[in-house]
Asks: 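Below is one structure. I have some questions about it.
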Amino acid sequence: MTGPADFDARSIPELARAVRGAEESARSLAERALKRLAAADADLNIFLARDPERALAAADAADRAGAEAGPLAGIPVALKDNLATADLPTTCGSRILEGFVPPYEATVVRRLRAAGAVIVGKTNMDEFAMGSSNENSAYGPARNPHDATRVPGGSSGGSAAAVAAGVVPAALGSDTGGSVRQPGSLSGVVGVKPTYGRVSRYGLVAFASSLDQIGPLAANVADAAAVLQAIAGLDPLDATSADEPVPDLVGAARAGAERGLEGVVIGVPAECFGEGLEAGVRERCEAALAALAADGAELRDVSLPHTPLAVPTYYLIAPAEASSNLARYDGVRYGPRWDAEAGLVGMYEETRARGFGAEVKRRIMLGTYVLSAGYYDRYYGRAQQMRERIAADFRAVFADGVHAIFTPTSPSTAFALGERTDDPYQMYLADVFTVTANLAGIPGASVPVGLADGLPVGGQILADHFDEATVFRVAAALERALGEAA
Ligand code: GLN
């Protein structure tokens, strides 16, 4: 398999138009998705919950709505299992939330439904979104549809695999340090992390609240734009959601696909093309840069000098916030409870000891340590200062007239299951190109740029705050240019 298995040769906007015009039935799309779900899921462990009955009912509702149905009329979608759904469990890939059904629904889920989308199920993920391979799921890893002996990436690995396997044309993931873009890259699909504040986090189970953003994974750039268009925008239920007008993202993607990149300046940071990059990744990314230049973009060497500090900065701030956010899982308020006979403190201890996996515990301990009195300034305080310098690196580049930045998404292609589980530090280092966007709060996308030894490679496009339109324009131009070259 080379690209994502096509759900359908048509884009999401085309399919939705066909459903609204009754040329295509939403029910037949849902049936196709459910059939593929059953087939792919059995081998690849992609889903943690499946919802065939309600999916068919939602599809029938879209068919009945006809011309009145929304921009995603009848489009089958999958949701990462850290998005609250009132009719399906939300486990976050953890034992500590096994069987937990939230009493409310995430804003993004409500918006997808309102747009006519049909939710087929909840996807596998690293526990509480901590990981880059899906191997931290308490329910076993999802596998890569390109090669089932390899990881799909993480933490939104199930969502990436669901799109790559052609089960759904699009899925939602969450990205705290790369968890939409990196699995997009390793699974050969498009993944977009919006600007911090662009999409409401209401109903997204919190990992690191100052970094978390929900974003789409999709088979192509136009489809990702259509999904983000439907979920973006101010939400009074999330105080950090931004009161910024949402531009015409679908139009921006169309512009990139139809016109060249004349007048667009793309920065190429030397720090992202140094040592540690797999040869095949370097080759495909250099070919992508050549395609962008041939399409009219001006490539400019830029510097993001604090990039080497991004991984240590992220792995202080994210665990610090996680240790606070995960304090609420105590066996009282959510999910299962262990050893209720052991007294209150004993019950907390047993529940947390049994309910959390090793990586989550490692991060809670690390985060608790760096926030503790006496160490706070030395670790957390300094990490905050580094975060500001990383953000300043981007500000300087964009202030200099650069419209977008291109880097590899991940230094490697999909690795073998088990290959990196014994060495968390190696796993963390591979986040070097993605964590900077979360620390700075800027938007970014990973776009497939070809194969290396038969495995997908992703190129990352970053832009300034709230300039998703540029991300989509450049991403769509790149997709088209590479498609023409193939
Ligand atoms: N791989 C990173 C981590 O383990 C990013 C995770 C994410 O974006 N949710 O924290």
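Numbering of ligands and ligand atoms starts at 1, following listing order. Please read these numbers as outputs of a predicted model, since none were measured by experiment.
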Asks: Write out all pairs satisfying salt bridge (Lys or Arg N to Asp or Glu O under 4.0 Å) with one or both partners inside residues 202-231, taking only residues at least two apart or from two chains.
Replies: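 For residues 202-231, and leaving out neighbouring residues, there are no salt bridge (Lys or Arg N to Asp or Glu O under 4.0 Å) pairs at all.
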
Asks: So, using ring pair (Phe, Tyr, Trp, His ring centres under 6.0 Å) as the criterion, who are the partners of Y315 when residues are at least two apart?
Replies: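 Ring pair (Phe, Tyr, Trp, His ring centres under 6.0 Å) check on Y315 returns Y428.
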
Asks: Assess the pair Y329 and F100: is the distance between their ring centroids shorter than 6.0 Å?
Replies: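 That pair fails the under 6.0 Å test.
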
Asks: List in chain and number order the residues that pass ring pair (Phe, Tyr, Trp, His ring centres under 6.0 Å) with Y348, two or more places apart in sequence or in another chain; answer none if no residue qualifies.
Replies: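 Y348 satisfies ring pair (Phe, Tyr, Trp, His ring centres under 6.0 Å) with no other residue.
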
Asks: Only one of L462, T407, T409 passes side chain to side chain contact (heavy atoms under 4.5 Å, CB included) with F433; say which it is.
Replies: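 Exactly one option meets the side chain to side chain contact (heavy atoms under 4.5 Å, CB included) with F433, and it is T407.
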
Asks: Who are the residue neighbours of ligand 1 when the rule is a heavy atom under 4.0 Å from any of its atoms?
Replies: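 Ligand 1 pocket, heavy atoms under 4.0 Å: A129, M130, G131, S132, S155, D175, T176, G177, G178, S179, F207, Y314, Y315, R363, D431.
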
Asks: Quick one: does R150's side chain have a donor or acceptor within less than 3.5 Å of a partner on A414's backbone?
Replies: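 Here the side-chain-to-backbone pair exists.
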
